[in-house]
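Basis for what follows: all heavy atoms, side chains included, without hydrogens, waters or symmetry-related copies. Computed from a predicted model, the values in this text were never measured in an experiment.
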Amino acid sequence: MTKKNDKMMLDPAEFAAAVLGGNAQRPDEENKLYIKRQLTLYLEATLLAQDFNNLEETQFDMARSQQREDVLSKIIERRYH
C-alpha cells in the first residue's frame, strides 16, 4: 500500500512492452497489418503511461499544496484565536 504522499509512476516503455506482450498475432493476420497494430498499440500505451504520470504528478503537487495550506491555517488559527 502506498502512502498518501507517495507517487506511483509508470515507465512508459515497460508499460507499453507489457501491453504488447498480451497482444498476439491473429492466425489469419498479415505480418504488415500485425506490425502496424503493434506499433499503434505501443504508441498509445506509451502516451497513456505519460498521461498517467502527468496526472499523478499534478495530484501529488495538489496534495502537498493542500497540506501546506492546512498547516498554515492551523498556525494562523492558534496565533490569532
Kindly say whether Leu10 contributes a backbone atom to a donor-acceptor pair with the side chain of Asn53 at under 3.5 angstrom?
-> yes
Backbone of Leu48 reached by a side-chain donor or acceptor of Glu44 within 3.5 Å = no
Consider only side-chain N and O atoms of Glu30 and Tyr34, and report whether a donor and an acceptor are under 3.5 Å apart.
-> no
Inter-residue atom distance Met8.CE - Phe52.CZ, 0.5 Å rounding | 5.5 Å
Hey, are the side chains of Arg26 and Leu33 touching, using non-hydrogen atoms and a 4.5 Å cut-off?
-> no
Do you know the tightest heavy-atom contact between Ala17 and Tyr42?
-> N-CE1, 4.4 Å
Between CD on residue Glu29 and NZ on residue Lys36, distance to nearest 0.5 Å | 11.5 Å
Separation between CG of Asn31 and CD of Gln38, rounded to the nearest 0.5 Å | 11.0 Å
Taking all non-hydrogen atoms of both residues, which atom of Pro12 and which atom of Gln50 are closest, and how far apart?
-> CG-CG, 3.8 Å
